[in-house]
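The block underneath contains the structure these notes are about, expressed in structure tokens.
All values below come from the heavy atoms of this structure, side chains included, with hydrogens, waters and symmetry mates left out. As the structure is a computational prediction, the values presented were derived from the model and not from experiment.
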Amino acid sequence: MTVCALEEARLSYDDVAVDIRKPDRSAEHLRVHPEGKVPALLVDNTPITENAAILVYLHSLAPHAALFPTTNDPFIHATHIADLVWISSTLHPAIRQVRMPMRFTDGDPSGVQNKGIEFATQFLERIERRLIGQPWWYGANWSIVDVYISWAITTGASSGSLPMERFPKIKSHLERVRSRSSFERAITRQRLSQEKFGIEFPDEWKTI
């Protein structure tokens, strides 16, 4: 999401690829993100972490990019932030249970994954309903929320455990997100970074 937002806003940046599957983190990575996670955005040598915070900050830097719908109404703006936080605090963790259940337990991960599938399917039903009669989360206009939703669903679907055949609106939405030029540029840039650092991710990879 961060790279796509930077590309959409046409902001200059340097990216560093991180293999999130490796348990050990470099001292440089931990300096940028003390939890050893991604993403993180270094601004004037000071890091900003967490997707929601980074995306809101980038929106403030480049309002012309309309990462969120333009509004002067503080209540409507708050609803946009609520959507973003819902994805990061509710949808995203459920997807992690589906995709990487072993990170949530030292025992049999099947129960964790099954519960994640249950939660994620409920959330997919909500998203499917939202997309009826409109191409994007906010109606006629793309936003970075669409990219976050796309990333989460694609990550979960890569496990082969989600009933994606039940969600034709979501499938069409994923195709629209992927066809956007900023998304294509972000993918190209991240692949180049991946090759530069010799990192191989079969399905999923990220940058800081």
Side-chain angles (χ1 to χ4, degrees), residues 1-9 20-21 38-39 51-52 54-55 58-59 65-69 79-101 103-104 109-110 112-191 194 200-207:
M1 286 71 65
T2 297
V3 175
C4 193
L6 288 163
E7 288 293 336
E8 187 74 26
I20 60 173
R21 299 171 302 173
V38 292
N51 282 308
I54 293 170
L55 297 176
L58 293 177
H59 177 61
L67 299 178
F68 297 94
T79 66
H80 298 160
I81 303 303
D83 289 338
L84 187 62
V85 173
W86 173 74
I87 299 170
S88 65
S89 65
T90 304
L91 176 61
H92 191 156
I95 292 299
R96 280 300 182 208
Q97 283 185 241
V98 174
R99 187 66 178 81
M100 298 293 288
R103 292 189 178 181
F104 293 85
S110 60
V112 173
Q113 185 179 54
N114 290 338
K115 184 57 68 173
I117 293 169
E118 177 185 332
F119 290 148
T121 300
Q122 294 174 5
F123 304 146
L124 292 179
E125 290 170 350
R126 171 184 172 180
I127 295 168
E128 182 80 3
R129 290 193 299 270
R130 175 88 175 217
L131 294 174
I132 293 175
Q134 60 186 49
W136 304 110
W137 183 257
Y138 292 119
N141 298 316
W142 170 97
S143 74
I144 201 63
V145 168
D146 293 291
V147 180
Y148 201 169
I149 289 172
S150 173
W151 172 84
I153 295 175
T154 300
T155 299
S158 68
S159 70
S161 303
L162 296 180
M164 295 306 299
E165 68 282 355
R166 291 172 46 187
F167 306 111
K169 300 298 182 184
I170 289 176
K171 287 186 176 182
S172 297
H173 177 261
L174 297 179
E175 292 175 1
R176 284 190 292 275
V177 170
R178 294 185 188 118
S179 68
R180 196 168 180 89
S181 60
S182 59
F183 187 89
E184 293 178 355
R185 292 195 304 273
I187 291 298
T188 298
R189 180 146 182 169
Q190 291 193 56
R191 283 175 178 161
Q194 172 189 352
E200 296 182 1
F201 290 87
D203 297 310
E204 178 187 353
W205 40 268
K206 307 189 175 77
T207 62

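Distance CD/Gln134 to CG/Asn141: 10.5 Å, rounded to 0.5 Å. Distance CG/Asp146 to SG/Cys4: 10.0 Å, rounded to 0.5 Å. To the nearest 0.5 Å, the span separating CG on Leu84 from OG1 on Thr79 amounts to 11.5 Å. Atom CG in Leu131 sits 9.0 Å away from atom OG in Ser172 (nearest 0.5 Å). With rounding to the nearest 0.5 angstrom, the CG atom of Leu6 is 9.0 Å from the CG atom of Leu55.
Considering only residues two or more places apart in sequence or on other chains, Glu118 meets the side-chain hydrogen bond (donor to acceptor under 3.5 Å, both in side chains) condition with Lys115. Remark: Glu184 engages no residue in a salt bridge (Lys or Arg N to Asp or Glu O under 4.0 Å) (not counting sequence neighbours). By the side-chain hydrogen bond (donor to acceptor under 3.5 Å, both in side chains) test, Ser179 is found to be paired with no residue, residues two or more places apart in sequence or in another chain being considered. Among residues two or more places apart in sequence or in another chain, the side-chain hydrogen bond (donor to acceptor under 3.5 Å, both in side chains) test is passed with Ser150 by none. Partners of Phe68 by ring pair (Phe, Tyr, Trp, His ring centres under 6.0 Å), not counting sequence neighbours, listed by chain and number: His59. Under the rule for a salt bridge (Lys or Arg N to Asp or Glu O under 4.0 Å), Arg176 has no partner lying at least two apart in sequence or in another chain. Legend: residues meeting ring pair (Phe, Tyr, Trp, His ring centres under 6.0 Å) with Phe183, ordered by chain and number and at least two apart, are absent. Annotation: ring pair (Phe, Tyr, Trp, His ring centres under 6.0 Å) contacts of Phe123 (sequence neighbours excluded): Trp86. With sequence neighbours excluded, no residue forms a salt bridge (Lys or Arg N to Asp or Glu O under 4.0 Å) with Glu128. Partners of Arg180 according to the salt bridge (Lys or Arg N to Asp or Glu O under 4.0 Å) rule, which considers only residues two or more places apart in sequence or in another chain, are Glu8. For the side-chain hydrogen bond (donor to acceptor under 3.5 Å, both in side chains) test, residues two or more places apart in sequence or in another chain that qualify with Trp137 are Asp83.
Pairing each heavy atom of Ala186 with each of Val3, the nearest pair is CB-CG1, 3.6 Å. Closest approach of Ala9 to Ala65, counting heavy atoms only: CA-CB, 3.6 Å. Of all heavy-atom pairs between Ala120 and Ala94, the closest is N-CB, 4.1 Å. Between Ser161 and Val98 the shortest heavy-atom distance is CB-CG1, 4.2 Å.
In this structure the side chain of Ser158 reaches within 4.5 angstrom of the side chain of Arg99, judged on heavy atoms. Between Thr155 and Arg96 there is a side-chain heavy-atom pair separated by less than 4.5 Å. By the 4.5 Å heavy-atom criterion applied to side chains, Pro93 and Phe119 are not counted as neighbours. No side-chain heavy atom of Ile149 sits under 4.5 Å from any side-chain heavy atom of Trp136. Contact annotation: the side chain of Val147 approaches that of Ile144 to within less than 4.5 Å [non-hydrogen atoms, C-beta and beyond].
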- Can you check side chain to side chain contact (heavy atoms under 4.5 Å, CB included) on Arg185 and Ser182, steps first, answer last? CA-CA 5 Å; Arg185 292 195 304 273; Ser182 59; 3.7 Å; yes
- Decide side chain to side chain contact (heavy atoms under 4.5 Å, CB included) for Trp151 and His92; before the verdict, give the C-alpha distance in whole Å, the side-chain angles of both, and the deciding distance to 0.1 Å. CA-CA 9 Å; Trp151 172 84; His92 191 156; 3.2 Å; yes
- Task: In sequence, state the C-alpha distance, the side-chain angles, and the governing distance for Ile153 and Met164, and then conclude on side chain to side chain contact (heavy atoms under 4.5 Å, CB included).
- Result: CA-CA 9 Å; Ile153 295 175; Met164 295 306 299; 3.6 Å; yes
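Centroid-to-centroid, the aromatic rings of His80 and Tyr138 come within less than 6.0 Å.
Applying the salt bridge (charged side-chain N to carboxylate O under 4.0 Å, His left out) test to every pair with at least one member in residues 158-167, sequence neighbours left out, gives these pairs: Glu125-Arg166.
Partner of Ile95 under the side-chain contact (heavy atoms from CB on, under 4.5 Å) criterion, chosen from Leu162, Ile87, Thr154: Leu162.
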